[in-house]
Amino acid sequence: MLKRRQDYQPPAFLVISVFITIDIKDDATDVTTKLAVRRNPDAAADTPLWLDGQNIELTRLAIDSVELPIGQDMPDGVDVSDHGLSVAGLADEAVVEVQSRCYPQDNTALEGLYLSGGMYCTQCEPEGFRRIGYFPDRPDVMSVFTVRIEASTAFPQILSNGNLIETGAVGADRHFAVWHDPHPKPSYLFAIVVGDLDCVTSPYVTASGRAVDLKIYVEKGNAELTAHAMDSLIRSMRWDEQEYGLEYDLDLFQIVAVSHFNMGAMENKGLNIFNSKFVLADTATATDDDLHRVESIVAHEYFHNWTGNRVTCRDWFQLTLKEGLTVFRDQCFSADMHDAGVQRANDVALLRAAQFPEDRGPTAHPIRPETYKEINNFYTATVYEKGAEVIRMLAGFLGKDGFRKGMDLYFARHDGHAVTCDDFLAAMADANNVNLDGFQGWYQQAGTPQLRVRRHAGDDVSQLLLSLSQQIPDTAAQTPRNALPISLRLAFLDQQGKIVPTRLATDAAAQDEHVILLTEEHLEQRIYAPQAANLTPSILRNFSAPVVVDDDLSPDERRHIMRYDTDLFNRWDSAQTLVSDEILAIAADPQAAVNSDRIAALADGVSHILDDPNCLDYFKAAIVTLPAISVLESRMKPADPVALFNARLAFEAALAQQLHGHYQAALDPKKSAQLADTAGGRALLNRLLALAVAAGDAQADERAMAHVLDSNMTVSQGALAAVNNRPTVVRESVLSAFHDRWQDNALVLEKWFSFESMSCISGRIERLQELMQHPAFDPKNPNKLRVVLGAFMSGNPVRFYAEDGSGFEFIAGCLIDIDKRNPQLAARMALPLTRIGAYSEQRQQQMRTVLKTVQAAAQSNDLSEVIDKALV
Ligand code: PHE
Ligand code: ZN
């Protein structure tokens, strides 16, 4: 059934408090939800009480302590369906007790209560609670939860949200625990974990002096791998106190790592549950990028305690209220912990590689969707990453203090409530006494706006006329296409590369940088400076708005920006554009010789940066990191991912030839050891080694063999990355050396799986089938499916988009199979196959044909929704 944002109705009843009992036995789990309900004065009178319940068996029902018959003799007014239970004619206040049974051992969807690696755990967001017990499973019903869980003593840990208030034995081999969470919360934040786990504890004292126990629970034997996550948690807690004055609000904060998880992690109140991939990490088993990701996810989930939990969403259309805001907060945190410019480049690279394609494809939607069939399908890069960009623009527009004032008012008004994106905007506007109505458009409209910037001569050399215009594209979402407020950060460089103060009006103050808010379709902006006509504009600095820029800069000017701009983001971005231009030129005409003049000019600019002692190694590495295929696709019509992939390889080889002097550092054991000392150095080392291999340097093979067995995982993985798509003799040895070394570590072996399936050399369908038979592969584990099939689709275009359609057929078969076990994952993994429009007629035909097969076999709402959208 299609749900519409506009159809929101308040709940008929509020749940003041709920007492839950969960009785876990090997063959089944019995759950009772005892609800103290009160009629909601805001809802239409006489509406029945509705309790969601799905894939669970109703076993008992009592109202105000009166037992009611269930099944055939159910009293009038009580109705059960496979979606829930409705009770009409209740008094304004009542106690409703419902018992039900579920089977966690058979739950492969990983929603509700399930078993992972021998432990019981739950995932309730967005609508998983209804698979555990009967309850109004919607985020605007917030209640105080008390939970009594009983299980075998084979599971020593019994965890839930809030505070532990009682434990005890039940007979000889069972025990129980009672947890109470004083903060009212919606059911999606409920969680329990029952298992035999190792636990690491750390004390924390909040700014106001509250003592908090921080605990991380992991599968037995993994305690050693939690230090980084714990440090990250402590840094996040401090940061939120310092930046937003927000403290933690319970005596206990728990993180549990589970191996079977559909997403990254989940912010359940006081009991975050994480994909173990994002907890277990040290420098021997995880790369520096992995460690950064762990830090940012720990921070993200922690930040949700205020933006998400204390103030939550009224309905799921408002998802970006908590997600966009929390991503923005974790991005700012990471920027503060590391280098802000590099962080920005990485965040934008992700936005362009993952969100822009969504806006161009069949599942395009605004950050606040208008309709959905299955809300699970809306945990998207648009809601998250583009949502964060919108918050960033707001924050930029209001300034740091203004944004903070807005946040303070938001919490003052809405703490303990379930609210909307409009409420958020209103708090921001009221706190600053400004009108933010224009920003509404960003919540209503899908599509990536295009910002066109053209320069025209002014009256004389002291003027430059900038003609700015925006265009909102047509998208599958068919949302309005009105002009949006676009923040344009702008500066100007002279011929020596220095920033020149400019004026926006003759009587205005000269400034190094301007922020123009383009609110109309067109704007003619005059720029004044002594030599205005001869300056190079630095446009959209720090990526001040989530748009595609179409400007008239020459390659020389881009190299100038790359070399001299004070905005690190724009230096990186100019390099990306120059690199993309070359790759696209090669892809357009693979037979033609690579243009060595232009590549030499580009290499010269790159060399300048690589030689610059003032540039961070991290930044240097980013400069020689090539754009993703999905980014390149946006500039080719029809897009040919195979040609782009091959062109990118050819370009890298040509660039590498020109950087011979630089990649030597990766070939010299002493110099590489030096680089390998810091995270930035390792990033650079890895890129240089890849260039050496690309250049076909004879010494590179030997270095790759040496690096793969390095004790540092970043260095080791750098070797795999360098050889994976190059037909060098050591390729197979490097991969098998890695495999043999890590075959007993399932988490580390995920890296090997993804390199195998992403290789344009070995990653054939037969190889994928072999990988799926490997002892470390587990078809019920989403991580394993992602590293084989997900990596194949995003990282192996040569095979996935193979001319004969074999890649599409193979994936289609896998999707049908996955859908039977885990619909949420199947729908997510289907997305690359649904992005049809950009490709040649032949590929489109092939994709449509396999999609029809999937459509016919799809069993879930999740998968059908995304496939149906692709086939309209
Ligand atoms: N709310 C989680 C987050 O953003 C993501 C998530 C959604 C996890 C749904 C599981 C299921 O941190
Ligand atoms: Zn989140």
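Each ligand, and each atom within it, is numbered from 1 in the order the structure gives. Position 1 is the first residue of the sequence; numbering continues from there.
Taking a cutoff of 4.0 Å between a charged side-chain nitrogen and a carboxylate oxygen, Asp423 and Arg314 do not qualify as a salt bridge.
Rounding to 10 degrees, one finds that the Zn ion (ligand 2) sits at the corner of an angle of 100° between His300 NE2 and His304 NE2.
Side-chain contact of Glu865 with Asn861: a donor-acceptor pair under 3.5 Å is absent, judged by distance alone.
When distances to the Zn ion (ligand 2) are checked against a cut-off of 2.8 Å, Glu323 contributes an N, O or S atom below that limit.
Note that the CD1 atom of Ile192 and the SG atom of Cys121 stand 9.0 Å from one another [nearest 0.5 Å]. Note that CG of Asp415 is 14.0 Å distant from CZ of Arg413, once rounded to the nearest 0.5 Å.
When the salt bridge (Lys or Arg N to Asp or Glu O under 4.0 Å) test is applied to Asp140, the partners found at least two apart in sequence or on another chain are Arg138.
Taking the centre and axis of the six-membered ring of Tyr244, the NZ or CZ atom of Arg329 falls inside the cone set by 45° and 6.0 Å.
Partner Asp336 forms a side-chain contact (heavy atoms from CB on, under 4.5 Å) with one of Gln331, Gln343, Glu243 and no other, that one being Glu243.
Listed by chain and residue number, the protein contacts of ligand 1 are Gln123, Glu125, Met263, Ala265, Met266, Glu267, His300, Glu301, His304, Lys322, Glu323, Tyr379, Tyr384 (heavy atom within 4.0 angstrom).
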